[in-house]
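Notes follow the structure.
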Amino acid sequence: MTNFKSRVVSTVRRIPPGRVATYGDVAAAAGRPRAARAVGNIMRTCSLRDVPCHRVVAAAGQLGGFGGYLELKRSLLRAEGILVSGNRIREFKTRRWNISRRSVTR
DNA sequence: CTGCTGACTGGTA
DNA sequence: GTACCAGCCAGCA
């Protein structure tokens with residue numbers, strides 16, 4: 001496992017239940033603020049059992065991707081109290097987890 | 001090494 | 001609000 005990937009994984013694992021973070025947030029916390037796309041790539045190859053990938057969403061407040069498991073992602077989020085309308089996350093700004101970097105909710 | 005590929009993002013129209 | 005465009009970067013062929 002590469003260093004970047006391990007940092008991304010540990011970052012995602014630190015996201016508390018009921019909270020979400022964007023790919024950009026995770027990338028920034030991993031030390032590569034512009035590697036959001038690469039983070040998505042990593043999420044694609046990591047095992048859902050070890051990493052709460054469903055808590056990582058797109059910056060626009062949309063679900064983002066989850067391969068062919070978008071339904072699963074929705075149900076997992078709903079199980080943690082996060083409501084989703086279509087692919088839009090309700091209360092996104094307040095559900096967004098404040099990672100050590102990038103303090104404000106833009 | 002080069003050249004794609006995306007679970008992305010921000011800007012512009 | 002939507003659509004398109006150009007950077008972006010780790011991983012893989």
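Keep in mind that what you see is a predicted model, and the values were worked out from it rather than measured. Naming: A, B, ... by sequence-line order, numbering from 1 per chain.
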Separation of atom [atom1] in [X] from atom [atom2] in [N], rounded to whole Å:
X: A:Ile42; N: C:dC8; atom1: CD1; atom2: C1'; result: 14 Å
X: A:Met43; N: B:dC8; atom1: CE; atom2: P; result: 12 Å
X: A:Ile15; N: B:dA7; atom1: CD1; atom2: C1'; result: 13 Å
X: A:Lys5; N: C:dG11; atom1: NZ; atom2: C1'; result: 10 Å
X: A:Tyr23; N: B:dG10; atom1: OH; atom2: P; result: 14 Å
X: A:Arg44; N: B:dC8; atom1: CZ; atom2: C1'; result: 14 Å
X: A:Leu72; N: B:dA7; atom1: CG; atom2: P; result: 16 Å
X: A:Asn87; N: B:dC8; atom1: CG; atom2: C1'; result: 15 Å

Taking only the side-chain nitrogens and oxygens of [X], find out if one of them lies under 4.0 Å from OP1 or OP2 of [N].
X: A:Thr2; N: C:dG11; value: yes
X: A:Arg37; N: C:dA6; value: no
X: A:Arg32; N: C:dA10; value: yes

Let's test this: given Watson-Crick or G-U wobble pairing with both distances under 3.5 Å, identify the partner of B:dC8.
C:dG7

What nucleic acid atoms does [X] come within less than 4.0 Å of, heavy atoms only: base, sugar-phosphate, or nothing?
X: A:Phe4; value: sugar-phosphate
X: A:Arg88; value: sugar-phosphate
X: A:Arg34; value: sugar-phosphate

So how far is it from A:Arg96 CZ to A:Ile89 CD1, rounded to the nearest 0.5 Å?
10.5 Å

In this structure, OH of A:Tyr23 is separated from CD1 of A:Ile42 (nearest 0.5 Å) by 12.0 Å

Cut-off 3.5 Å, side chains only: do A:Asn3 and A:Arg7 have a donor facing an acceptor?
yes

Regarding the side chain of A:Asn41, the nearest nucleotide among B:dC8, C:dC9, B:dG6 is B:dG6

Consider side chain to side chain contact (heavy atoms under 4.5 Å, CB included). Of A:Thr11, A:Val12, A:Val8, A:Val56, which one does A:Val51 pass it with?
A:Val12

Option from A:Pro17, A:Pro52, A:Pro16 for which side chain to side chain contact (heavy atoms under 4.5 Å, CB included) with A:Glu80 holds:
A:Pro17

On DNA chain C, more 5' by nearest nucleotide between A:Ala35 and A:Thr45 is A:Ala35

